Structure formats: C-alpha cells, structure tokens
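Please read these numbers as outputs of a predicted model, since none were measured by experiment.
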2 protein chains.
Amino acid sequence: MTPSSALPDETVHDAPSARQQAVLDAVLALLVEEGDQLTMDAVARRASCSKETLYKWFGDRDGLLTATVRWQASRVHAGRDAGSALDAATLRDRLLDFAVTWLDVIAGRTSVVLNRIAIAHAGSRKSNLGGIVLANGRLAIGGRVKPVLEAGRAAGFLTFEDSETAFRTFLGLVGRDIQIRLLLGDALDLDAAEIRRDAARAVDQFLALYGQARP
Amino acid sequence: MTPSSALPDETVHDAPSARQQAVLDAVLALLVEEGDQLTMDAVARRASCSKETLYKWFGDRDGLLTATVRWQASRVHAGRDAGSALDAATLRDRLLDFAVTWLDVIAGRTSVVLNRIAIAHAGSRKSNLGGIVLANGRLAIGGRVKPVLEAGRAAGFLTFEDSETAFRTFLGLVGRDIQIRLLLGDALDLDAAEIRRDAARAVDQFLALYGQARP
DNA sequence: GGAGCCGCGTACCGTACGGTACGGTACTGG
DNA sequence: CCAGTACCGTACCGTACGGTACGCGGCTCC
C-alpha cells in the first residue's frame with residue numbers, strides 16, 4: 001500500500017513505523033528529563049540510531065519535533081463520547097470528565113515540555129508547531145465539548161447563545177492560570193485529588209452560570 | 001550613595017541609568033520586531049554600543065534578559081488603587097478596570113514576547129526568568145486585586161472563603177485561553193472594543209458567582 | 001554464497017553566536 | 001598638556017550543534 005521503498009524521499013508523512021515510534025518516544029523522554037536543549041546527537045545516542053537515519057526519516061530538526069508533537073497528540077485522542085441519553089446528571093458527569101481529562105493533560109510533564117517547545121518555536125516563526133499543538137489540544141477538546149454543550153441546551157439544561165463563548169468560559173474556569181504558571185516553571189504540583197476538586201468546582205461554577213435554575 | 005565607581009563589578013543591580021534604559025528598550029524593540037533569536041551582536045548594533053559594554057553592564061546574556069524583564073515590569077506597575085469608599089458600583093468598576101488592564105497587558109506584543117522568552121528559559125533551568133515574570137505579572141496583580149475582593153466581602157457585596165481561590169477564578173474568567181493561544185502563535189488580535197466586552201462579560205460572570213443576590 | 005540495502009557508529013564540516021581583546025576617540029580632573 | 005576613564009567599533013577566539021560523508025555489520029533476496 002504505502003509507497004515505501006520506491007521514493008528516495010521517505011520522510012515521515014504517514015504513521016511512523018515501530019522503530020520510528022521508538023525514536024519519537026526517546027525524544028519525549030529526553031525532553032522530559034533534560035530541559036529542552038535537545039540535540040540531535042543526544043537523540044541519536046538515546047535512541048541508538050545514527051544521526052543520518054534521523055535526517056533521512058525526519059528531514060531536519062524541525063521535522064523531528066513536528067513528528068514528535070504529532071505522535072504525542074495521537075495518543076491523547078482516546079475519548080469516549082458515545083451515548084446521547086442526556087439528563088442533568090449525565091451532563092454534569094460529562095463535563096466533569098472533560099475537566100478532569102483536560103487538567104490531567106495540561107498538568108502533565110509531557111504537555112508542559114511540548115508546549116514550551118511549541119511556544120519557543122512560535123517566536124522564531126517557521127514550521128508552526130504552535131498551530132499543531134493548538135489544533136490537537138484546545139481545538140480537539142473544543143470539538144468534543146461543544147456538541148455536549150449544545151445537546152445540553154437542546155435538552156433544556158443550559159442557556160447560551162454562542163457555544164464557542166460558553167466553551168471558552170468553561171476552559172477558563174477549569175484551567176484558570178494553571179497552564180501559564182506551569183509553563184513559567186512554577187512548582188505547583190497537582191495531585192489527582194486536587195484535580196478532581198478543581199474540576200468539580202469549575203463544573204459547578206459553569207452550571208451556575210449557564211445552567212437553568214432548578215425549579 | 002551608590003558605590004558606583006569603586007567596584008570593578010558594576011553590573012546592574014539597582015535601577016538602570018538612562019543609557020542602560022536605552023539599551024534595554026533596544027532589546028525590547030528587537031524582541032518585538034524579530035522573533036526571539038536575539039543575539040548580543042544585534043543588540044549592540046541596535047543600541048549603538050559595544051558588546052564589551054553590554055557584558056560589563058549586564059554580566060552575560062541572561063543578565064541582559066533579566067534586566068530587560070525587570071525594566072519592562074517596572075513600567076507596568078502604574079495602578080491607581082487609592083480610594084476606599086466602596087459601593088456596589090465602584091466595586092464593579094474596580095474589577096472592570098483590573099480586567100481591562102490585565103487583558104491589555106497579556107494581549108500586548110511585548111508581554112507575549114517576554115513570556116515566550118521566560119517560558120523557553122524555564123525549560124533549560126538557570127536564572128528563573130519565569131519566576132520574575134510570574135512575580136511581576138500574576139502575583140503583582142493578585143496583590144492588588146485581592147484587597148479589593150476582601151473589601152467587597154467586608155462591605156457585604158461578595159461571598160467567598162479564600163480570596164486566592166476567588167482571585168484565580170476571576171483570572172480564569174478574564175483570561176480564559178487567550179494567553180496560551182497568543183503564546184502559541186494564534187492570530188487572534190483583540191481590539192480595544194473586544195477587550196472591553198470580554199472584560200465586562202468576565203466581571204458580570206464573576207459577580208454572578210460570588211456576588212450577593214441583590215435583594 | 002554473493003549482491004544489495006538498511007541502518008548503526010563515528011568522524012567530519014560549516015557556521016552562528018556567546019564571550020573577550022584591543023585600538024581609537026571623547027571627556028574629565030589635575 | 002597629560003593621565004585616567006568610559007565607551008564605541010571591530011576583529012578575534014572557542015565551542016556547541018545542525019547537517020553530511022563514510023566504513024562496517026547484519027539482513028533479505030536471488
């Protein structure tokens with residue numbers, strides 16, 4: 001199927017092979033352990049492969065970074081958003097689930113490091129890692145939350161005009177200043193219990209703002 | 001007063017001289033115009049000074065960056081928080097004022113660039129620019145907002161237990177995902193009108209959550 | 001078993017950039 | 001008029017790192 005060996009240019013456009021995934025995992029590990037001064041030499045050493053192979057597979061340093069971000073993004077997308085029977089309690093549960101998941105992600109070491117890379121990159125233009133991170137983070141979860149909000153509105157549990165605005169308020173209530181503080185190096189380690197509490201508070205506040213007053 | 005000329009080490013610990021301020025402004029300009037690939041050569045050229053002087057004044061590249069962040073921070077702290085006659089309307093005005101100011105700052109090109117630098121630095125440890133930015137951004141505004149919130153509570157207009165939590169909710173409602181999106185390179189340019197609208201919405205929501213129901 | 005390819009290890013190249021050295025000029029104090 | 005100081009401009013050094021070249025072992029396919 002894949003035109004693998006015919007072309008000289010076989011940089012990774014499609015899904016990475018198992019060996020390539022191992023390389024990308026090495027990059028992630030290196031990124032998490034060391035700060036972000038990731039060198040190609042270090043990657044090659046860590047992944048036990050040659051730099052030449054690295055360049056053959058990923059083109060250049062940017063390509064490697066891009067592939068890494070994509071690879072990480074591909075493992076996060078595991079959301080169960082089946083079901084459509086929506087009562088007030090399940091609506092709340094769904095929102096709570098999103099909030100917990102979101103906080104788990106942004107508080108994770110990997111997310112912090114990858115966001116740092118993408119942000120640093122956004123400064124020196126070229127190859128928008130920022131766009132990729134944005135698309136796979138905020139936008140992806142937005143695409144899954146907004147339908148739930150709209151279903152909630154259709155069922156009469158929520159009131160709002162613009163689902164995007166409502167969603168962004170939700171994000172604000174959940175994330176608050178956590179992400180920027182982590183990115184700036186604030187210690188601030190959230191354990192699972194605190195995340196659950198934060199998420200619950202955010203959902204309560206969101207419902208207080210957008211929910212119908214219980215008659 | 002200042003032991004200026006006696007010591008060979010006269011790196012900038014206190015307030016920068018006029019000439020030094022000009023250099024720091026050059027750094028800021030360069031940072032805003034070019035991406036963050038700020039070189040010492042470029043700074044020297046732009047500021048019409050020699051690299052040697054740069055190193056004499058600021059120690060090394062990190063010192064220059066730190067001084068720049070401090071310098072920028074020193075101009076933002078111009079908040080009028082006098083007055084204490086607090087009725088419901090002035091409370092709302094004060095919060096609105098904070099919200100607008102905050103959005104203005106974080107949406108500004110300078111803030112974005114400086115945060116990018118600090119975040120990139122937070123990755124490769126050494127010299128916590130992140131801490132400085134945090135202290136002069138979030139913490140500084142927190143120190144000014146929380147007394148207002150507490151005064152509002154004392155006057156019976158607000159209800160909350162922890163002012164820090166209330167403040168962070170306020171920040172979340174105001175900032176939402178704006179800062180992270182800008183840092184990641186999202187276009188998203190807010191004009192003054194939109195900022196005012198956003199701020200007003202956030203304040204309304206905050207008062208809806210924490211304000212006493214008007215009897 | 002040989003031809004050919006893949007990929008590891010390593011040595012190598014070019015360059016950009018942080019940091020230093022040095023000569024030249026203007027100003028100040030004696 | 002002569003030190004001394006401050007600072008500009010520029011040339012220079014060292015090194016880290018992105019990217020390339022090459023030799024060698026192990027695999028598959030005839």
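Applying the ring-ring contact (aromatic ring centres under 6.0 Å, His included) test to A/F206 and every residue at least two apart in sequence or in another chain returns A/F170, A/Y210. In this structure, the salt bridge (charged side-chain N to carboxylate O under 4.0 Å, His left out) partners of A/D204, at least two apart in sequence or on a different chain, are A/R92. B/D25 pairs by the salt bridge (charged side-chain N to carboxylate O under 4.0 Å, His left out) definition with B/R75, not counting sequence neighbours. When the side-chain contact (heavy atoms from CB on, under 4.5 Å) test is applied to A/A199, the partners found at least two apart in sequence or on another chain are A/L96, A/A99, A/V100, A/L103. Applying the salt bridge (charged side-chain N to carboxylate O under 4.0 Å, His left out) criterion to A/R176, with sequence neighbours excluded, gives A/D198.
Going from atom CZ of A/R45 over to atom P of C/dC8 covers 15 Å, rounded to whole Å.
A heavy atom closer than 4.0 Å to some atom of DNA chain C occurs in no member of residues 28-37 of chain B.
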Pairs under 3.5 angstrom only: tabulate donor-acceptor contacts from the side chains of residues 28-36 of chain A to other protein residues two or more places apart or in another chain.
from, atom 1, to, atom 2, distance (Å)
A/E33, OE1, A/R46, NH1, 3.2
A/E33, OE2, A/R46, NH2, 2.8
A/D36, OD1, B/S124, OG, 3.2

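Distances were taken from every side-chain heavy atom of A/K56 (C-beta onward) to each of D/dC8, C/dC6, C/dC8; the shortest belongs to C/dC6.
Using a 3.5 Å distance cut-off with no hydrogens or angles, the side chains of B/D62 and B/H121 do pair a donor with an acceptor.
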(request) Sugar-phosphate atoms are those with a prime plus P, OP1 and OP2; base atoms are the rest. Using that split, label each nucleotide of nucleotides 18-24 of chain C B, S or - for protein heavy atoms under 4.0 Å, 5' to 3'. (result) BBBBB--
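Put simply, A/R46 has no side-chain N or O that comes within less than 4.0 Å of OP1 or OP2 on C/dC8.
The stretch residues 183-196 of chain B participates, sequence neighbours left out, in these side-chain hydrogen bond (donor to acceptor under 3.5 Å, both in side chains) pairs: B/R181-B/D186.
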